[in-house]
Amino acid sequence: MRTAHAWGGAEVASRVRFTDVAPKECNAHTIATDIIWSGTPLLTLPKEPYKMSSRVASSIAFATGFGDSMVVYDEHAYVERAVALANSISYRAEINELGEMERRGVGELMELRRNLILHRDRMPLFDTPRWTRNFEKGLEEIWHRWAESCRTPWSNLNDEGGVTITDGEPFFSEGPPV
C-alpha cells in the first residue's frame, strides 16, 4: 500500500487491495505479465470462454510453459487449487553462506515461483524478437491475401477474420524447464 500511495497517490492506493479480487469479466493484461516477470505465480479462471478478455491471464500463464499449474476451469477447482498451493508451502531452517540461520520455503508453490524466475528469459511470453517475427508473419499473410485477391481477413466469405500463424520454434529458447 505504501508503494501504491507513493507512486499513484491516495486514490490509487485505496483501490489497490481490490484490483485482482473483485469479480469481473476482464482479467489481467499488463498486471499479470508484470506479476509473472516478478516470479509470482498467478491463479486464473477463464470464466467466459468465448470472450477474449476473460482468457487473457490464462494465455499469459500458458505462455510461461507452466500454465497447467496456474489455470483452472471452474470455480470449485479454483478454490481447491488455491488452497492446495497455499498448503504446499513449508519452511525449513538452513544456514546461509554467512553462517546465519534463515528459513527457506519449499513446496509446489515455491517451486513454481522458482521456475518462473529461472526461466523467464527463455519463455515465449518475454521473447520480444520471437513475437516480432510472428507478428511480421501475420502482416505478410494479410498482405498476401489482399494482394492475391483471396478472401481477406475482413470479408464475410466463411472467414471470421482471423489469421493463424504457426510458430515452429521450440517453446523454450534453450530447452525445456527443469
Side-chain angles (χ1 to χ4, degrees), residues 3-4 7-8 12 16 19-22 24-74 77-78 81-82 84-85 88 107-178:
T3 302
W7 288 0
V12 171
V16 166
T19 302
D20 286 335
V21 295
K24 57 188 173 248
E25 183 178 298
C26 180
N27 67 12
H29 296 88
T30 305
I31 291 174
T33 305
D34 290 344
I35 290 297
I36 295 290
W37 179 258
S38 76
T40 304
L42 59 85
L43 181 59
T44 188
L45 165 62
K47 198 170 184 179
E48 303 291 335
Y50 299 105
K51 294 184 178 180
M52 186 184 304
S53 61
S54 179
R55 300 186 315 261
V56 174
S58 62
S59 295
I60 290 169
F62 279 109
T64 67
F66 303 100
D68 290 333
S69 297
M70 297 185 280
V71 180
V72 295
Y73 297 98
D74 63 60
Y78 186 91
R81 185 71 180 133
L85 286 170
S88 74
E108 183 182 6
L109 184 57
M110 300 304 286
E111 189 63 23
L112 181 56
R113 182 175 173 81
R114 178 181 169 277
N115 279 325
L116 290 173
I117 291 170
L118 291 177
H119 300 290
R120 67 182 176 196
D121 291 329
R122 299 175 24 226
M123 295 173 180
L125 179 61
F126 300 113
D127 188 344
T128 304
R130 178 185 198 163
W131 183 91
T132 303
R133 286 190 301 275
N134 288 326
F135 182 67
E136 289 171 345
K137 288 178 191 176
L139 293 176
E140 288 173 7
E141 176 62 21
I142 291 169
W143 172 254
H144 177 72
R145 288 183 186 191
W146 181 81
E148 296 296 321
S149 298
C150 293
R151 293 180 299 185
T152 62
W154 49 87
S155 74
N156 292 327
L157 303 173
N158 297 324
D159 186 347
E160 295 182 12
V163 173
T164 300
I165 301 302
T166 303
D167 181 355
E169 298 179 44
F171 191 82
F172 283 96
S173 58
E174 298 173 15
V178 178

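Side chains are part of it too, since the values below use all heavy atoms of this structure and drop only hydrogens, waters and symmetry mates. For this chain, numbers begin at 1 and follow the sequence in order.
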Shortest non-hydrogen separation from Arg55 to Glu48 and the atoms involved: CG-O, 4.3 Å
From Lys47 atom NZ to Tyr78 atom OH, the distance as rounded to the nearest 0.5 Å: 11.0 Å
Kindly give the heavy-atom pair with the smallest separation between Asp74 and Leu45, and that separation in Å. N-CD1, 3.3 Å
Pair Arg114 + Glu111: basic N to acidic O under 4.0 Å: yes
Any idea which heavy atoms bring Pro124 and Arg130 closest together, and the distance? CG-NH1, 3.5 Å
For Thr64, the option from His119, Arg120, Met70 that meets side chain to side chain contact (heavy atoms under 4.5 Å, CB included): Met70
Got a second to check how far Ser59's OG is from His29's NE2, nearest 0.5 Å? 9.5 Å
Distance, nearest 0.5 Å, that separates CG of Asp127 from CZ of Arg133: 6.0 Å
Which pair of heavy atoms, one from Ala61 and one from Val71, lies closest together, and at what distance? CB-CG2, 3.7 Å
From CA spacing to verdict: side chain to side chain contact (heavy atoms under 4.5 Å, CB included), Leu116, Thr40: CA-CA 7 Å; Leu116 290 173; Thr40 304; over 6 Å; no
Taking the side chain from Ser88 and the backbone from Gly107, do they hold a donor-acceptor pair closer than 3.5 Å? no
Atom CG in Leu85, atom CE in Met110: separation rounded to 0.5 Å? 12.0 Å
Heavy atoms only: give me the nearest Ala32-Ile60 pair and the separation to one decimal. CB-CD1, 3.9 Å
Would one find more than 12 heavy atoms of other residues, nucleotides or ligands at under 6.0 Å from atom CZ of Phe135? no
Taking every non-hydrogen atom, the tightest pair across Ala63 and Met123: O-CB, 3.9 Å
Nearest 0.5 Å please: distance from the CD1 atom of Ile117 over to the CH2 atom of Trp37. 11.0 Å
